Amino acid sequence: MPRLILKVAIDAPLRHLFDYLPLFNAPPPAVGCRVRVPFGRRSQVGLVVAHARHAEVADAQLRHIHEPLDSDPLLPASVLELLRRAADYYHAPPGEVLVGTLPGLLRAGRPARPMQVWQWSLTEAAPSPDSLSRAPRQAALLGALTQAPCEESQLDAALPGWRVTARTLADKGWIERAQIAPDAATDWAPERGHPLTTAQRAAVDAVAAGSGFGAFLLDGVTGSGKTEVYLTAIERVLAAGRQALVLVPEISLTPQTEARFRARFGAAVAVLHSGLSDTERLAAWLAARGGQAGVLIGTRSAVFAPLARPGLIVVDEEHDGSYKQQDGFRYHARDMAVLRARIEDVPVLLGSATPSLESLAHGRSGQYRVLHLRERAGSARLPQLELLDVRHQRMAGLVSPALAGAVREELAAGRQVMLFLNRRGYAPVLLCHACGWVPKCDRCDAHYTLHRGRRLLLCHHCGRERPLPIRCEGCGAQDLLPLGAGTERIENDIAALFPDHRVLRVDRDSTRRRGALDAHLEAARDGSADILVGTQMLAKGHHFPAVTLVGILDADQGLFAADFRASERLAQTIYQVSGRCGRGEQPGRVLIQTHQPQHPVLRALLHGGYGTFAAELLAEREAAGWPPFSHLALLRAESTRQEDALWFLGETLSLAAELGHAGVDLLGPVPAPMPKRAGRYRAQLLLQAQRRAPLHALLRAWLPALALLPAARQVRWSLDVDPLDTY
DNA sequence: AGCACGCCGACT
DNA sequence: GTCGGCGTGCTC
């Protein structure tokens with residue numbers, strides 16, 4: 001008798017699917033549906049990936065599913081195909097990919113419909129919270145609701161045990177509960193787009209012209225109006241009754257970004273990012289799947305959200321490293337977006353002012369069609385880049401006299417200045433002037449960074465904190481000296497140098513509190529700060545039209561990093577930071593402080609712009625055989641005992657030798673550049689291949705065998721295909 | 001990953 | 001005498 005076997009993906013780090021029998025009395029769950037299944041001694045949520053005739057295991061081992069969880073497939077065939085190919089490409093366990101990328105509530109087996117969201121608010125009859133001094137819990141709840149109506153999930157977080165209190169207050173008729181409509185009607189009138197420049201129009205037309213798949217690289221200088229191109233292209237997609245998926249780096253999905261899309265597309269916009277509650281995330285995901293959302297804007301993981309009628313995929317700031325997931329299932333969302341566009345047969349538009357070398361290479365080979373926006377919109381001109389040779393200069397900390405002078409001039413003219421340093425904290429090292437003692441993290445091969453404002457030492461590699469020592473722990477001298485400078489110190493130095501101006505620091509430390517980043521950015525934009533000091537954070541996506549001078553305090557940092565991508569990143573940072581300035585009538589200036597004014601990277605950047613620079617870098621990569629002219633995979637291992645990680649990697653090397661690895665070079669194993677981190681010893685083995693096929697053939701045979709090595713039990717290991725960092 | 005089973009040290 | 005430490009093995 002023919003029977004049906006369900007191939008089920010289970011969210012566990014297991015490299016294969018599991019076979020189950022359907023229930024007798026019901027039609028079998030379709031491919032793409034979730035099922036609850038017995039798994040070992042417990043019950044797990046799985047996803048039906050295929051139907052089959054034959055099981056991989058003996059009949060005696062087969063069990064029936066507990067229950068189907070969906071009547072319709074949760075994922076369309078295209079997304080299933082995408083996830084299957086992703087699991088295959090990244091050599092990730094199928095369950096982790098197929099089930100692990102679902103919204104948390106669906107992974108937990110909740111029904112695939114929006115959760116009911118209840119909101120509490122005060123009634124007319126509610127007294128002032130102050131009148132309840134003898135009932136502090138009631139006063140607290142009343143107080144919270146006086147501020148604003150609250151969703152139950154917010155109350156769960158803020159006032160544990162609030163439900164009992166709420167019942168009391170509701171009985172008194174002081175508060176009431178109402179269900180929020182999933183899409184509260186917004187009074188919205190679609191905003192008209194700006195008239196497009198010729199180049200913008202050409203770009204939109206190119207994307208809209210084709211039918212089906214096409215990959216486009218929108219290479220547009222900052223301020224050239226890439227977003228307007230996205231918006232217009234999306235407009236056309238919506239007009240054709242289709243949906244658009246827009247990926248953005250985490251940091252640039254601010255309320256402003258959302259507002260800009262909402263102004264144009266109103267309630268058709270759904271947003272998916274890490275700041276959402278599980279309920280909100282599910283609602284957005286379902287709105288995309290159901291087709292109610294015309295535009296889904298999201299960070300990395302949104303690339304796997306189902307769309308009812310896909311029409312276009314946009315990847316903004318495609319060079320941004322935050323598209324690469326750095327743990328677990330290490331996918332690159334930009335690459336997944338291109339793959340998805342191919343599978344869905346829709347165009348994909350990758351935009352950047354500083355495209356990744358990978359995308360530029362695809363542009364050259366014709367795989368991507370390159371669309372240029374060379375002019376800034378309106379009258380704005382591109383900022384002028386200048387090198388400041390700081391050799392022999394009498395520095396005030398990290399600030400040269402020339403830079404200080406330029407800042408002074410700019411401030412005198414009533415304009416804003418931005419100073420960029422990719423190092424947070426007050427000083428990267430604290431040093432005893434009497435004996436040379438330096439406080440070091442005992443879990444990492446690293447010094448503590450001094451955070452003076454928080455009065456502590458912080459290890460930037462594992463997060464460990466310790467109180468500020470008053471005296472040297474080596475010799476007892478009270479002569480501890482902060483060495484070097486981070487943003488916090490620059491903030492102090494600059495404030496001292498320009499006491500009549502307001503300095504605002506923007507880094508992870510100053511924006512840790514919820515909403516602080518937005519408040520800071522607002523202060524930067526509305527002119528209540530004259531001088532902005534910050535890290536990467538300042539470089540990403542935010543526009544400061546009144547800033548006319550940018551100082552890159554320490555370009556040398558980027559010139560000496562060990563990673564082969566360091567100069568690409570330095571250039572992208574310099575261009576991204578400089579793109580933040582001079583948007584208005586005033587042209588901007590970018591002053592780059594360096595001890596290496598002759599360095600080829602800096603010279604190329606200055607004289608040719610990013611395009612020329614990137615061309616040179618591509619030539620270098622080709623000569624050296626680095627990506628995008630070769631393909632990498634990195635096997636990482638870490639263990640609590642120093643020798644175990646290297647031992648494991650040595651074993652994997654022998655295994656690869658046994659299997660044969662023609663066409664793949666294995667480099668290592670070597671200790672990681674920072675061998676000890678967070679109390680664990682780390683090492684790595686790099687695989688490099690001219691062509692992908694032999695690399696993936698080796699990985700396919702090699703990986704399942706790695707887990708069986710005795711040494712594997714002593715370490716935590718992971719494989720990173722197309723690593724962004726080779727350390 | 002969970003969750004069992006299993007075999008050796010310090011406690012009621 | 002047992003409570004519990006984490007090594008080892010399995011999940012259709």
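Note that this is a predicted model, so its numbers are computed, not measured. Numbers restart at 1 for each chain; the letters A, B, ... are given by sequence-line order, proteins then strands.
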Mind listing the residues from residues 85-95 of chain A sitting with a heavy atom below 4.0 Å of DNA chain B? Number order is fine. none
Please identify each residue that fulfils side-chain hydrogen bond (donor to acceptor under 3.5 Å, both in side chains) with A:Tyr681, with sequence neighbours left out. none
Report all side-chain donor-acceptor pairs from residues 157-166 of chain A shorter than 3.5 Å, counting only partners two or more places apart or in another chain.
| unit_1 | atom_1 | unit_2 | atom_2 | d |
| --- | --- | --- | --- | --- |
| A:Trp162 | NE1 | A:Asp156 | OD1 | 2.7 |
| A:Arg163 | NH2 | A:Asp156 | OD1 | 3.3 |
| A:Arg163 | NH2 | A:Asp156 | OD2 | 3.3 |

Are more than 12 heavy atoms from other residues, nucleotides or ligands located less than 6.0 Å from atom CZ of A:Arg309? yes
Can you spot which of A:Asp722, A:Asp720, A:Asp725 makes a salt bridge (charged side-chain N to carboxylate O under 4.0 Å, His left out) with A:Arg330? A:Asp720
Throw together a table of side-chain donor-acceptor distances under 3.5 angstrom for residues 13-23 of chain A, partners on residues two or more places apart or in other chains.
| unit_1 | atom_1 | unit_2 | atom_2 | d |
| --- | --- | --- | --- | --- |
| A:Arg15 | NH2 | A:His91 | O | 2.2 |
| A:Asp19 | OD1 | A:Lys7 | NZ | 2.9 |
| A:Asp19 | OD2 | A:Lys7 | NZ | 3.4 |
| A:Asp19 | OD2 | A:Glu56 | N | 2.6 |
| A:Tyr20 | OH | A:Pro38 | O | 2.7 |

Using the ring pair (Phe, Tyr, Trp, His ring centres under 6.0 Å) criterion, which residues pair with A:Phe564? Sequence neighbours excluded. A:Trp626
Sorted by chain and residue number, the side-chain hydrogen bond (donor to acceptor under 3.5 Å, both in side chains) partners of A:Arg300 (sequence neighbours excluded) come out as none
Listed once per pair and sorted, the ring pair (Phe, Tyr, Trp, His ring centres under 6.0 Å) pairs that draw on residues 58-80 of chain A, sequence neighbours left out: A:Phe24-A:His64
Protein N or O to nucleotides 10-12 of chain C N or O, pairs below 3.5 Å:
| unit_1 | atom_1 | unit_2 | atom_2 | d |
| --- | --- | --- | --- | --- |
| C:dT11 | O3' | A:Gly40 | N | 2.9 |
| C:dC12 | OP1 | A:Tyr20 | OH | 3.2 |
| C:dC12 | OP1 | A:Pro38 | O | 2.9 |
| C:dC12 | OP2 | A:Arg63 | NH1 | 2.6 |
| C:dC12 | O3' | A:Asp19 | O | 2.5 |
| C:dC12 | O3' | A:Arg63 | N | 3.0 |
| C:dC12 | O2 | A:Asp19 | N | 2.7 |

A:Glu151 (side chain) donor-acceptor with A:Trp118 (main chain) under 3.5 angstrom: no
Once ring pair (Phe, Tyr, Trp, His ring centres under 6.0 Å) is applied, do any residues pair with A:His460, and if so which ones, sequence neighbours excluded? A:His451
Would you please name every residue forming a side chain to side chain contact (heavy atoms under 4.5 Å, CB included) with A:Asp445, sequence neighbours left out? A:Met674, A:Pro675, A:Lys676
Return yes when atom CZ of A:Arg113 has more than 12 non-hydrogen atoms of other residues, nucleotides or ligands closer than 6.0 Å, and no otherwise. no
Can you check nucleotides 7-9 of chain C for protein contacts, nitrogen or oxygen pairs under 3.5 Å, and list what you find?
| unit_1 | atom_1 | unit_2 | atom_2 | d |
| --- | --- | --- | --- | --- |
| C:dT8 | OP2 | A:Arg713 | NE | 3.3 |

With heavy atoms of chain A within less than 4.0 Å as the criterion, where does contact along DNA chain B begin and end? B:dA1 to B:dA4
